[in-house]
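The structure appears below as structure tokens.
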Amino acid sequence: METKKVILSGIQPSGSLTLGNYLGAIKNWIKLQDQYECYFCIVDLHAITVKQEPKDLRSKTLEVLSIYLACGIDPEKNALFIQSHVPAHSEASWLLTCSSYMGELSRMTQFKDKSQSQGESIPAGLFIYPVLMAADILLYQTDLVPVGQDQKQHLELARNLAERFNNTYSPTFKVPDPYIPKEGAKIMDLQEPTKKMSKSSDNPNSFILILDPPEVIRKKISRSVTDSIGIVNYSDDQPGIKNLINIVCAIRGITQEEVVDMFKGKGYSEFKSYVAEVIIEELTPIQEKVKELISNKAYLEEIYKKGAEKANYVARKTLRKMQKKIGFIQ
Ligand code: TYM
């Protein structure tokens, strides 16, 4: 029997998931789950690099799992697990930290962005964060990592750390490739369309949440920032409109030209109504399933326990290899 190639990806339960998380990550996982052996985790260890309210962290972790399931990830075929349930992630992260350089970690743009507002008290976890992400990936001998554009640099670091370890000791890790979708790779902020849409933004009008009700989606899209050109065009001079076109393309699987053609001679308000309905049509069935799943704690527990069992087995095996090569007595 031919063994399937391996996929791993994860999302932080640090807030409510956005349309960016859905189109940049989850929607592609669904497409890939039949061809690959997949590990999808909820990265709670990553979430605590910034302050979290324990009660919220618990509820968001289960919400993210419900969203994975509601979007169509099959728990029979894939391992769905919570990162902190697999201690090998933290241990491997330390081992990799010892072969990481301050210089390469300082160059991570996400670290630079996130640490900017923290003054003198930048949490060290924010700095080490990409090494933990590398551990997540390398422990499973992952071939492919489906993520949005913003994670590309972190993935490059994971590749470098894998190669460095392999060269220092002997071949231990597969060197993973990124999988970044053509459409949906970078959904932009609705208020400042030159910035990535992010769940950590202070202005709720700048993002759409997977669980936003239809009337909220209509309001947020109608208030989204456009321009004074007034023609639906796919152009860098119209970043707001370009972003809305990208959203439609990523959801519907159609081309930018098709969207532009549909709105020849029509105004922004008609276009925005269309965009809102496309999003609502995509998200409503997911929201209904989340509502059912979230109250079924026993079912969710069954899934994350089974996922952790499988993940622990694979991750521990790689961790043991690392420890042995480093020279630890086993
Ligand atoms: P996180 O939680 O910030 O985002 C989860 C996934 O969503 C994608 N994404 C977007 N895609 C398109 N447009 C956007 N506006 C947008 N915002 C977010 C992200 O690229 C990501 O794929 N460090 C990671 C989580 C992580 C991980 C891993 C990912 C930890 N370990 C191992 C892959 C493999 C993060 O913070 O993603």
Side-chain angles (χ1 to χ4, degrees), residues 6-29 32 38-50 52 57 60-61 63-64 67-68 71 81-84 86 89-90 92-93 96 108-111 113-114 125-140 142-159 161-162 176-201 206-210 239 242-243 246-247 249-251 311 315:
V6 176
I7 274 187
L8 179 132
S9 201
I11 298 185
Q12 295 191 62
S14 52
S16 298
L17 300 198
T18 67
L19 188 63
N21 296 131
Y22 176 67
L23 295 177
I26 307 176
K27 199 168 163 70
N28 303 298
W29 302 355
L32 297 165
C38 300
Y39 296 84
F40 296 123
C41 52
I42 301 151
V43 292
D44 52 353
L45 296 171
H46 277 94
I48 60 162
T49 52
V50 294
Q52 300 293 335
L57 183 59
K60 289 294 168 203
T61 301
E63 186 180 290
V64 175
I67 289 177
Y68 285 2
C71 290
F81 68 98
I82 298 169
Q83 187 186 28
S84 64
V86 185
H89 289 240
S90 311
S93 171
L96 292 172
M108 295 291 126
T109 48
Q110 205 163 79
F111 168 71
D113 292 347
K114 287 196 174 174
L126 268 187
F127 190 63
I128 304 300
Y129 174 114
V131 184
L132 176 59
M133 178 164 161
D136 299 342
I137 297 167
L138 302 181
L139 280 172
Y140 298 86
T142 300
D143 295 281
L144 207 60
V145 186
V147 282
Q149 181 70 34
D150 63 324
Q151 297 299 320
K152 192 162 183 258
Q153 198 186 23
H154 290 161
L155 211 76
E156 206 47 57
L157 179 84
R159 288 170 59 88
L161 293 180
D177 285 315
Y179 175 98
I180 296 173
K182 236 181 18 238
E183 271 108 22
K186 196 169 184 189
I187 302 300
M188 304 309 248
D189 182 299
L190 297 176
Q191 293 301 312
E192 284 178 73
T194 48
K195 256 178 45 185
K196 171 190 89 159
M197 180 184 284
S198 165
K199 53 183 173 255
S200 53
S201 166
S206 65
F207 52 72
I208 290 195
L209 300 178
I210 295 180
K242 183 176 171 184
N243 187 35
N246 277 334
I247 290 173
C249 294
I251 292 179

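Because the structure is predicted, anything quoted here is derived from the model rather than measured. As the structure lists them, so they are numbered: ligands from 1, and atoms in each ligand from 1.
With hydrogens and angles ignored, the 3.5 Å screen pairs no side-chain donor or acceptor of D143 with any backbone N or O of I7. T61 places no side-chain N or O within 3.5 Å of a backbone atom of P13 that could act as its donor or acceptor partner.
Minimum interatomic distance between L144 and P178 (heavy atoms only, all atoms of both residues): CD1-O, 4.0 Å.
Ring pair Y129/H154 is tilted by interplanar angle, where 30° to 60° counts as tilted. Note: Y39 and F81 have perpendicular aromatic rings, judged against thresholds of 30 and 60 degrees for the angle between ring planes.
If you look at ligand 1, the protein residues with a non-hydrogen atom under 4.0 Å away are L8, S9, G10, I11, Q12, G20, N21, G24, A25, V43, H46, Y129, M133, D136, I137, V145, V147, G148, D150, Q151, G184, A185, K186, I187, K196, M197, K199.
Applying the salt bridge (Lys or Arg N to Asp or Glu O under 4.0 Å) criterion to D44, with sequence neighbours excluded, gives no partner residue.
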